[in-house]
Undergrad: 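Pasting in a structure now, in structure tokens, and then I'll have a few things to ask.
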Amino acid sequence: MYGGVEFRDYPDADNIGIMDHGCLPMIADMHKYGIRIDVPFLQSLSQRIAAIKEDNETIVGALIGNYQYRNSKGSYEPFKIGSRDHLSQLLFEELKIQGDTPIPRTPKDKRYEVSEEILEPFRESHPIVPEIIEWHSVEKLRNTYTDTLPLMVDSDSRLHTSFNATVAATGRLSSSYPNLQNIPVRTKLGKEIRRAFIAGQNMALVSSDLAQIEMVWAAHRSQDPTMLSVFRKGEDIHTRTTCNVFGLDYPEMAALIKSVDDKTATPDQLSRYAYFKQFQRLPCKTVGFGVLYGQTPEGLQSSLASDGVHWPIERCTKLINVEFFGVYPGLLRMLERDWATVKRYALCWDEFGRVRLVPEAKSVLRHIREEGVRKAGNHPEQASAQGNIKLAMAELTDIYRRMNRSAPCRPLLQIHDQLITEAHRSITQDVADIQAEILRNAVILSIPINASSDIGNCWAEL
DNA sequence: CCACGTACACCC
DNA sequence: AAACGGGTGTACGTGG
């Protein structure tokens with residue numbers, strides 16, 4: 001029993017009602033406090049980005065000369081880098097940068113696809129391509145984040161997002177006005193934006209996240225012996241998968257990884273590591289993420305291709321169906337049970353009884369049925385993982401409110417498997433310890449749940 | 001002029 | 001048909 005919520009092996013709307021109401025007070029606190037923004041820093045970032053964009057435009061302008069876009073009426077318009085229609089015509093009809101490589105068309109066959117994923121392989125084919133790619137990436141950052149967020153702060157430079165607990169079918173929260181659950185992290189320039197999210201005077205930010213939480217729930221639900229052993233021993237799941245698939249010795253590979261991390265690796269070790277990482281661990285890791293989402297061999301193939309690993313479809317099929325599920329046969333049996341439930345009842349539920357309806361599962365059209373099964377297939381893990389963090393939020397609310405009476409301690413953000421809190425410097429270490437501790441013990445499974453905390457002056461340091 | 005759909009990009 | 005689950009926001013293009 002966790003704050004009135006219990007495990008359930010049947011649908012139970014009352015149980016999840018208690019859970020969802022339990023985390024509302026913390027959501028209210030998060031909304032009230034808001035996260036502090038370094039507005040001048042964000043504005044300077046906007047300036048830097050504007051300079052990059054203008055350079056891109058100058059070069060593109062010089063390269064296209066007097067080219068103009070020809071619209072559907074046959075008349076000409078000035079070329080716009082931001083228009084997908086214009087890009088399709090310029091790159092694939094005028095310049096023909098694709099040579100004889102076929103380029104996919106948009107679903108309604110209006111034009112060629114011009115996404116970054118399509119353009120990237122032709123980066124070297126024409127000097128205009130990298131300029132266009134960069135223009136689009138920096139404009140995204142400027143329009144969505146650096147220009148917009150400063151307009152939304154209050155008089156204390158704080159940003160009060162709205163968390164919505166009634167949108168996502170799996171019980172996740174969503175965030176809007178602005179969305180603070182999709183702040184960039186992947187690229188160098190994007191991550192700079194996180195430097196603008198700062199702690200108040202004499203305070204620091206504390207972030208804690210649950211490690212591999214959906215995998216942990218999959219291990220618990222499936223009772224697959226190898227998965228259970230991974231989490232009991234505290235192994236890296238993807239490295240374990242890789243070792244079992246390719247017949248490698250786990251301690252040996254763990255030592256190799258450590259020697260590279262410590263920068264004590266010999267040249268021989270470095271090249272062995274490079275191969276291991278890209279051609280053995282990466283495919284296994286990709287499958288590990290993909291299987292819970294019902295990934296197909298084709299999906300795996302295209303995902304690997306964007307990381308420079310070009311595997312034939314047969315190899316992808318074998319990795320998923322033979323090798324991966326050979327390592328985790330219990331996981332496959334669990335997924336098959338879940339799929340059977342969906343096909344039979346057109347619904348499924350998580351470990352707390354949160355139901356997802358999947359009417360598509362009864363469609364006469366096979367592709368609609370399969371789509372329904374894929375959607376539902378991930379529900380038990382994603383929803384259970386949300387239950388995990390929601391129960392932790394409920395437990396932490398009063399602890400933080402009590403602490404906040406003597407020194408500032410304010411929950412700010414929830415990002416699916418992560419909680420970010422702002423606290424006075426005198427108590428940040430305590431908050432870091434408590435937050436991780438409660439995330440770890442909010443529910444007790446047959447394996448330990450791991451969580452860790454970071455402390456920093458800004459979000460980028462977390 | 002506004003509302004909406006499409007395609008794309010950002011996150012976990 | 002689509003091919004990987006869950007979200008939000010923006011620019012562009014179209015149609016009322």
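What's counted below: heavy atoms across the whole structure, side chains too, no hydrogens, waters or symmetry copies. In what follows, every chain begins at residue 1, and chains take the letters A, B, ... in the order their sequences are listed. What you are looking at is a predicted structure, and each value in this text was computed from that prediction instead of being measured.
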Undergrad: Taking atom P of C:dT8 as reference, at what distance in whole Å does atom CG of A:L173 sit?
TA: 11 Å

Undergrad: Regarding A:D236 and A:R281, does a basic nitrogen lie under 4.0 Å from an acidic carboxylate oxygen?
TA: yes

Undergrad: May I ask you to say whether A:K188 pairs ionically with A:E192, meaning some side-chain N is under 4.0 Å from a carboxylate O?
TA: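 No, no charged N to carboxylate O under 4.0 Å.
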
Undergrad: Ignoring the backbone of A:N143, work out which of C:dA11, C:dG13, B:dC11 is nearest its side chain.
TA: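 Out of C:dA11, C:dG13, B:dC11, the nucleotide with an atom closest to A:N143's side chain is C:dA11.
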
Undergrad: Could you tell me how far apart A:H416 (NE2) and B:dC10 (P) are, to the nearest whole angstrom?
TA: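 Interatomic distance, NE2 of A:H416 to P of B:dC10: 16 Å.
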
Undergrad: So A:R369, base contact, sugar-phosphate only, or nothing? Heavy-atom distance under 4.0 Å.
TA: nothing

Undergrad: Without decimals, in angstroms, what is the distance between A:L292 CG and C:dG5 C1'?
TA: 9 Å

Undergrad: Quote, to the nearest angstrom, the P distance that separates B:dT6 from C:dA3.
TA: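 After rounding to an integer number of Å, I get 15 Å for this pair.
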
Undergrad: For atom NZ of A:K191, decide whether the heavy atoms of other residues, nucleotides or ligands shown that lie under 6.0 angstrom number more than 12.
TA: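 Result for NZ/A:K191: open.
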
Undergrad: Among A:T241, A:V327, A:I320, which residue satisfies the side chain to side chain contact (heavy atoms under 4.5 Å, CB included) criterion with A:V287?
TA: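 Testing A:V287 for a side chain to side chain contact (heavy atoms under 4.5 Å, CB included) against A:T241, A:V327, A:I320 leaves exactly one candidate, A:I320.
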
Undergrad: If you measure from the P atom in C:dA2 to the same atom in B:dC8, how many Å do you get, rounded?
TA: 14 Å

Undergrad: Charged N to carboxylate O below 4.0 Å: is that the case for A:D12 and A:R354?
TA: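 Result for this pair is no, no salt bridge flagged.
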
Undergrad: Identify the residue among A:F41, A:W459, A:Y145 that makes a ring pair (Phe, Tyr, Trp, His ring centres under 6.0 Å) with A:F197.
TA: A:W459

Undergrad: Could you tell me whether A:S303 contacts a base, only the sugar-phosphate backbone, or nothing, with contacts defined as non-hydrogen atoms closer than 4.0 Å?
TA: base

Undergrad: Counting only side-chain N and O atoms of A:T296, is one of them less than 4.0 Å from OP1 or OP2 of C:dC4?
TA: yes

Undergrad: Looking at B:dC11, C:dG5, C:dG9, which one has an atom nearest to any side-chain atom of A:Y293?
TA: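 Nearest listed nucleotide: C:dG5.
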
Undergrad: Which of the following nucleotides, C:dT10, B:dC10, C:dC4, is nearest to the side chain of A:T148?
TA: C:dT10

Undergrad: Classify the nucleic acid contact of A:A169 as base, sugar-phosphate or nothing, counting any heavy atom under 4.0 Å across all strands shown.
TA: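 Result for A:A169 = sugar-phosphate.
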
Undergrad: Check every atom of C:dT8, B:dC12, C:dG13 against the side chain of A:K110 and return the nucleotide holding the closest atom.
TA: C:dG13

Undergrad: May I ask you to say what A:G294 touches in the nucleic acid, namely base, sugar-phosphate or nothing, with a heavy-atom cut-off under 4.0 Å?
TA: sugar-phosphate

Undergrad: At under 4.0 Å between heavy atoms, what does A:R374 touch on the DNA or RNA strands: base, sugar-phosphate, or nothing?
TA: sugar-phosphate

Undergrad: Tell me whether the count of non-hydrogen atoms from other residues, nucleotides or ligands lying under 6.0 Å of CZ in A:F325 goes above 12.
TA: yes

Undergrad: NA contact type, A:R366, heavy-atom cut-off 4.0 Å: base, sugar-phosphate, or nothing?
TA: base

Undergrad: Whole-Å distance between C:dG6 P and A:N164 CG?
TA: 17 Å

Undergrad: Rounded to the Å, how far apart are A:Q295 CD and C:dA3 P?
TA: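 Going from CD in A:Q295 over to P in C:dA3 covers 12 Å.
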
Undergrad: With a cut-off of less than 4.0 Å, is there a side-chain N or O of A:R84 near OP1 or OP2 of C:dG13?
TA: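 No, outside the criterion.
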
Undergrad: If you only use heavy atoms from C-beta on, which nucleotide in C:dG5, C:dA11, B:dC12 is closest to the side chain of A:V185?
TA: B:dC12

Undergrad: Could you tell me how far apart A:H86 (NE2) and C:dG13 (C1') are, to the nearest whole angstrom?
TA: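 These atoms are roughly 9 Å apart.
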
Undergrad: In whole Å, what is the span from the CG atom of A:L189 to the P atom of B:dC10?
TA: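 One finds 11 Å between P of B:dC10 and CG of A:L189, rounded.
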
Undergrad: Assign A:Y177 to base, sugar-phosphate, or nothing according to its heavy-atom contacts below 4.0 angstrom with the strands shown.
TA: sugar-phosphate

Undergrad: For A:R142, which contact category applies under a 4.0 Å heavy-atom criterion: base, sugar-phosphate, or nothing?
TA: nothing

Undergrad: Can you tell me which nucleotide in B:dC10, C:dA3, C:dT10 comes closest to the side chain of A:K140?
TA: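 Selected nucleotide (nearest to the side chain): B:dC10.
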
Undergrad: Give a yes or no on whether a donor-acceptor pair under 3.5 Å exists between the nucleobase atoms of C:dG7, that is its base, and the side chain of A:R172.
TA: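 Donor-acceptor pair under 3.5 Å: no.
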
Undergrad: Can you see if the side chain of A:T170 gets near the phosphate of C:dG6 - specifically, an N or O under 4.0 Å from OP1 or OP2?
TA: no

Undergrad: Checking all strands, does A:S137 fall into the base, sugar-phosphate, or nothing category for heavy-atom contacts under 4.0 angstrom?
TA: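 No contact at all - A:S137 keeps every heavy atom at 4.0 Å or more from the nucleic acid.
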
Undergrad: Under 4.0 Å, heavy atoms only, any strand: does A:V167 hit a base, just the sugar-phosphate, or nothing?
TA: sugar-phosphate

Undergrad: Nearest to the side chain of A:Q382 - C:dG5, C:dG13, C:dA1?
TA: C:dG5

Undergrad: Looking at the side chain of A:V114, which of B:dC8, C:dA11, C:dT8 is the nearest nucleotide?
TA: B:dC8

Undergrad: Name the closest nucleotide to the A:P184 side chain, picking from B:dC10, C:dG5, B:dC12.
TA: B:dC10

Undergrad: Among C:dG6, B:dA9, C:dA11, find the nucleotide with the atom closest to the side chain of A:E116.
TA: B:dA9

Undergrad: Rounded to whole angstroms, how far apart are NE2 on A:H136 and C1' on B:dC10?
TA: 15 Å

Undergrad: Would you mind classifying the nucleic acid contact of A:E113 as base, sugar-phosphate or nothing, using non-hydrogen atoms under 4.0 angstrom?
TA: sugar-phosphate

Undergrad: With a sphere of 6.0 Å drawn around CD of A:Q223, does it hold more than 12 non-hydrogen atoms of other residues, nucleotides or ligands?
TA: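 Yes - once you tally the heavy atoms of other residues, nucleotides and ligands closer than 6.0 Å, there are more than 12.
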
